[in-house]
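The first residue in the sequence is number 1, and the count goes up from there. Counting starts at 1 for both ligands and their atoms, following the listed order. Note that the structure is a prediction, hence the values are computed from the model and not measured.
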Amino acid sequence: MTDMTAPKALVAGNWKMNGLKAASAEISKLNDLVNENGAKCDVLICPPYTLIGTLADLGAENVAIGAQDCHMNISGAHTGDISAEMIREFGCEHIIVGHSERRADHGESNETVKAKASAAQATGATAIICVGETIDEREAGDAVSVVTSQVKASIPDDATADNTTIAYEPVWAIGTGKVPTAGDVEEIHAEIRAVLETRFGADGAKIRILYGGSVKASNANELMSVPNVNGALVGGASLKADDFYGIISAYDEIG
Ligand code: 13P
């Protein structure tokens, strides 16, 4: 049943380090699929930086283009880094920060993630702040405490429903085909919602909380129907337009 107070769902694709210029055909196809069949959610693709310009220039009106990370500073001597301002120049409105692969590969702390989220928000972008527990943390019974402390420490104080989205991505579910039970997702999302409402009041009720980790067309309906799940952050199944549209169309039934 549709919860009329819930924020409009967002189905976002994170292409990670995948995609060459030819992948723009998938965006055109996805745009056509949404155009022909509709979408009851917002649709976003976050390609690697090298493709942002190419994909933004396609002008696909049904597919927003975003980024996977940004630097915490707006400019300066940071070789190889990209700032939120540079990303915004292409019309991108969403920037993922704190993905577990960046936390692991680049040692990003909650403090770093918070600074990056602030940098994104300062340019008018929405920061998609990722959190999630490892398998060891879940098996130790610490999933709730790990995730809620990540949310508390990674989210800037001036977060609003417009400039912030949270993505809960259990590390052990990413790229593995394993997904938590609907009950486990419900528990974590409710705990995140409670943190947001305690800190941000009415706006905390409107901040989107996405689920990510092995989402595909066959499990999207079940996962996206869980209370306080306001969309998905999708890796592998976002690379092909048909697969990704299968997730988007789960919202036809959910409403
Ligand atoms: P998969 O959908 O490939 O599991 O990746 C999830 C993810 O990390 C999205 O950010």
With a 6.0 Å cut-off (strictly less than), is the heavy-atom count around CD of Glu93, excluding the residue itself, greater than 12?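 No, not enclosed.
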Lys16 atom NZ: more than 12 heavy-atom contacts under 6.0 Å: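 It does: Lys16 NZ has more than 12 such atoms within range.
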Arg199 side chain reached by Asp157 side chain, heavy atoms, under 4.5 Å: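 They are in contact (side-chain heavy atoms under 4.5 Å apart), so the answer is yes.
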Apply side-chain contact (heavy atoms from CB on, under 4.5 Å) to the pair Leu51 and Ile27, showing each step before the final yes or no. CA-CA 11 Å; Leu51 285 180; Ile27 299 296; over 6 Å; no
Regarding ligand 1, does Val234 bring an N or O atom to under 3.5 Å of one of the ligand's N or O atoms?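 No.
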Is there at least one pair of N or O atoms, one from Gly213 and one from ligand 1, spaced under 3.5 Å apart?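 In this structure, Gly213 places no N or O atom under 3.5 Å from an N or O of ligand 1.
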Nearest-neighbour protein heavy atom for [atom], which is reported as residue plus atom name and distance:
atom	result
atom 9 (C) of ligand 1	Glu169 OE2, 2.8 Å
atom 2 (O) of ligand 1	Gly235 N, 2.8 Å
atom 5 (O) of ligand 1	Lys16 NZ, 3.3 Å

Side-chain donor-acceptor pair under 3.5 Å between Ser28 and Asp32, yes or no?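 The criterion, which ignores hydrogens and geometry beyond distance, is not satisfied for Asp32 and Ser28.
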Can you check side-chain contact (heavy atoms from CB on, under 4.5 Å) on Asn110 and Lys114, steps first, answer last? CA-CA 6 Å; Asn110 289 324; Lys114 183 176 178 177; over 6 Å; no
With heavy atoms of [X] as the reference, note each atom of ligand 1 found under 4.0 Å away.
X	result
Ala173	4 (O)
Leu233	9 (C), 10 (O)
Gly236	1 (P), 2 (O), 3 (O)

Should the pair Lys206-Asp162 be classified as a salt bridge under the 4.0 Å nitrogen-to-oxygen rule?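 Salt bridge flag = no for Asp162 with Lys206.
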Test of understanding: given a 4.0 Å heavy-atom threshold, classify the contact between Ala167 and ligand 1 as side chain, backbone, both, or neither.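 Neither part.
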Below a 4.0 angstrom heavy-atom separation, can you tell me which part of Ile174, side chain or backbone, both or neither, approaches ligand 1?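 Both backbone and side chain of Ile174 come within 4.0 Å of ligand 1.
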To check you understand the geometry: which heavy-atom pair defines the closest contact between Glu26 and Ala241, and what is its length?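 Where Glu26 meets Ala241 most closely, the heavy atoms are OE1-N, 2.8 Å.
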Is Ala237 near ligand 1, meaning one of its heavy atoms is under 4.0 Å from it?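 No, Ala237 has no heavy atom closer than 4.0 Å to ligand 1.
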